[in-house]
Chemist: 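Pasting a structure here, questions to come.
Starting from 1, each residue takes its place in the sequence as its number.
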Amino acid sequence: MTKPTPIIIGVQGFNAFQAKPEPVPVSRIDWQKISGLTYFEKYAKEHNVQDIIHFINDEIERYGEEMAYERYTNWFYNTGLWLNETPMGELIT
């Protein structure tokens, strides 16, 4: 009587070189930085907002990221309160 052929169990893992994951889009707008700016807080309060993070997410969902930022920058320049700063909080020299 002969022995049956042995069962060979192998393990295959994930091969990162074969997988083609879609790149995650990177935002050019630093919303985290903007959300901490005093003037953005004023902008949000003018929209009767209590939670700035939810406000940002709602604006992006409603208008898209670029348009949400454009709405904020238009408000920023139209107020005329911060003549020596950019909407991102940087000083204009």
Chemist: Going from CG on Asn78 to OG1 on Thr73, what distance comes out if it is rounded to the nearest 0.5 angstrom?
Modeler: 9.0 Å

Chemist: Given side-chain contact (heavy atoms from CB on, under 4.5 Å), test Lys42 with Leu81 step by step and report yes or no.
Modeler: CA-CA 11 Å; Lys42 181 174 175 50; Leu81 297 174; 4.0 Å; yes

Chemist: Quick check: do His54 and Val49 have side-chain heavy atoms less than 4.5 Å from each other?
Modeler: no

Chemist: Are Trp31 and Ile60 packed together at the side-chain level, in the sense that at least one heavy-atom pair is separated by less than 4.5 angstrom?
Modeler: yes

Chemist: Once rounded to the nearest 0.5 Å, what's the spacing between atom CD1 of Ile53 and atom CD of Gln32?
Modeler: 7.5 Å

Chemist: Is the CE atom of Met67 crowded by more than 12 outside heavy atoms at less than 6.0 Å?
Modeler: no

Chemist: Treating Tyr43 as the side-chain partner and Phe76 as the backbone partner, does any N or O pair qualify as donor plus acceptor under 3.5 Å?
Modeler: no

Chemist: Return the NE2 to CZ distance between His47 and Arg71, rounded to the nearest 0.5 Å.
Modeler: 5.0 Å

Chemist: Does Glu65 reach the side chain of Glu70, with side-chain heavy atoms less than 4.5 Å apart?
Modeler: no

Chemist: Roughly how far, to the nearest 0.5 Å, is CD1 of Ile29 from CD1 of Ile56?
Modeler: 10.5 Å

Chemist: Report yes if the side chains of Tyr63 and Tyr69 come closer than 4.5 Å at any heavy-atom pair, otherwise no.
Modeler: no

Chemist: For atom CD of Gln50, decide whether the heavy atoms of other residues, nucleotides or ligands shown that lie under 6.0 angstrom number more than 12.
Modeler: no

Chemist: Hey, what do you get for OH (Tyr77) to CG (Leu83), rounding to the nearest 0.5 Å?
Modeler: 10.5 Å

Chemist: Salt-bridge test for Lys45 and Glu41: reply yes if a basic N is under 4.0 Å from a carboxylate O, no otherwise.
Modeler: no

Chemist: Compare every heavy atom of Met88 with every heavy atom of Lys33, then report the nearest pair and how far apart it is.
Modeler: CE-O, 3.1 Å

Chemist: Are any of the side-chain heavy atoms of Tyr39 and Trp75 separated by less than 4.5 Å?
Modeler: yes

Chemist: Got a second to check how far Glu85's CD is from Leu37's CG, nearest 0.5 Å?
Modeler: 8.5 Å

